[in-house]
Amino acid sequence: MILGVTVGKFYPFHKGHDYLIREAKKKVDRLIVLACYKTNQAVAGSVRAEWIRFLHPDAEVIEVLDDLPEAPEPWAQRTLEVLSGRKPDIAFTSEDYGEPWAKLMGSQHCAVDRQRLKFPISGTQLRSHLAEHWQMLTPPAKAYFAKRVCVLGVESSGTTTLARSLAQHYQTIGDKLRL
């Protein structure tokens with residue numbers, strides 16, 4: 001059985017992260033996703049882990065406190081501790097730290113879209129300009145961040161037209177509740 005692992009903040013969970021996980025799952029029998037979090041982040045690690053679980057119920061998602069320096073050695077040790085003796089065969093990343101992180105665990109490294117050609121986005125870019133990069137979010141992240149608008153009005157007052165126009169402008173759906 002081939003065991004794979006990937007690690008990240010997934011803050012927020014975007015299409016590049018989703019692509020990384022999808023590609024990794026093609027190459028392993030079992031994939032473990034380490035969802036790292038800091039207690040002071042605006043979106044809780046448990047929420048981000050649920051986004052991943054929603055889209056990838058066949059992956060094992062483990063929440064991991066991000067209290068280590070950003071260096072391959074401590075993260076390789078933490079990964080092996082979290083995996084309770086299970087050594088990953090392949091470590092998947094789209095980052096420069098991937099090769100040394102994998103080597104320190106005794107794993108092969110597989111870089112997935114390192115140049116970010118498929119999905120040219122990062123979590124930092126998204127956090128800085130969420131609305132500008134909205135289309136790069138995964139559906140569960142969009143649902144979390146989306147603002148809901150309720151358009152009310154009597155018949156023939158333009159509510160349907162307004163709802164459709166808003167939906168088109170914000171590239172979403174416009175539902176109308178009929179009473």
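For residues 59-72, the pairs satisfying side chain to side chain donor-acceptor pair (under 3.5 Å) are R30-E60, E60-R86, D67-R78, with sequence neighbours left out. Pairs of residues two or more places apart, or lying in two chains, that qualify as side chain to side chain donor-acceptor pair (under 3.5 Å) and include a residue from residues 140-156 are Q135-K142.
Distance check: Q108 CD to E99 CD gives 9.0 Å after rounding to the nearest 0.5 Å. Interatomic distance, T79 OG1 to I32 CD1, rounded to the nearest 0.5 Å: 10.0 Å. Rounding to the nearest 0.5 Å gives a distance of 4.0 Å between CD1 of I121 and NE2 of H133.
In terms of heavy atoms, H109 sits closest to A102 at CB-CB, 3.6 Å. Scanning both residues, D89 and I2, for their nearest heavy atoms gives OD2-CA, 3.4 Å. When all heavy atoms of L34 and F10 are compared, the pair lying nearest together is O-CE1, 3.5 Å. When every heavy atom of R114 is checked against every heavy atom of A111, the shortest pair comes out as CB-CB, 4.4 Å.
K26 is linked by a salt bridge (charged side-chain N to carboxylate O under 4.0 Å, His left out) to E23, counting only residues two or more places apart in sequence or in another chain.
No single ILVMFWY cluster, assembled from side-chain heavy atoms under 4.5 Å apart, contains both V33 and L83.
A heavy-atom distance below 4.5 Å is found between the side chains of W101 and V5. A heavy-atom distance below 4.5 Å is not found between the side chains of R164 and T161. At least one side-chain heavy atom of L31 sits less than 4.5 Å from a side-chain heavy atom of F92.
Put simply, the side chain of W75 gets close to the backbone of P69: a donor and an acceptor are under 3.5 Å apart.
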Take R116 and E95 through the salt bridge (charged side-chain N to carboxylate O under 4.0 Å, His left out) test and state the conclusion after the steps.
CA-CA 10 Å; R116 292 194 173 111; E95 305 290 344; 2.6 Å; yes
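Under the 30°/60° scheme for interplanar angles, the aromatic rings of F13 and H17 are found to lie parallel.
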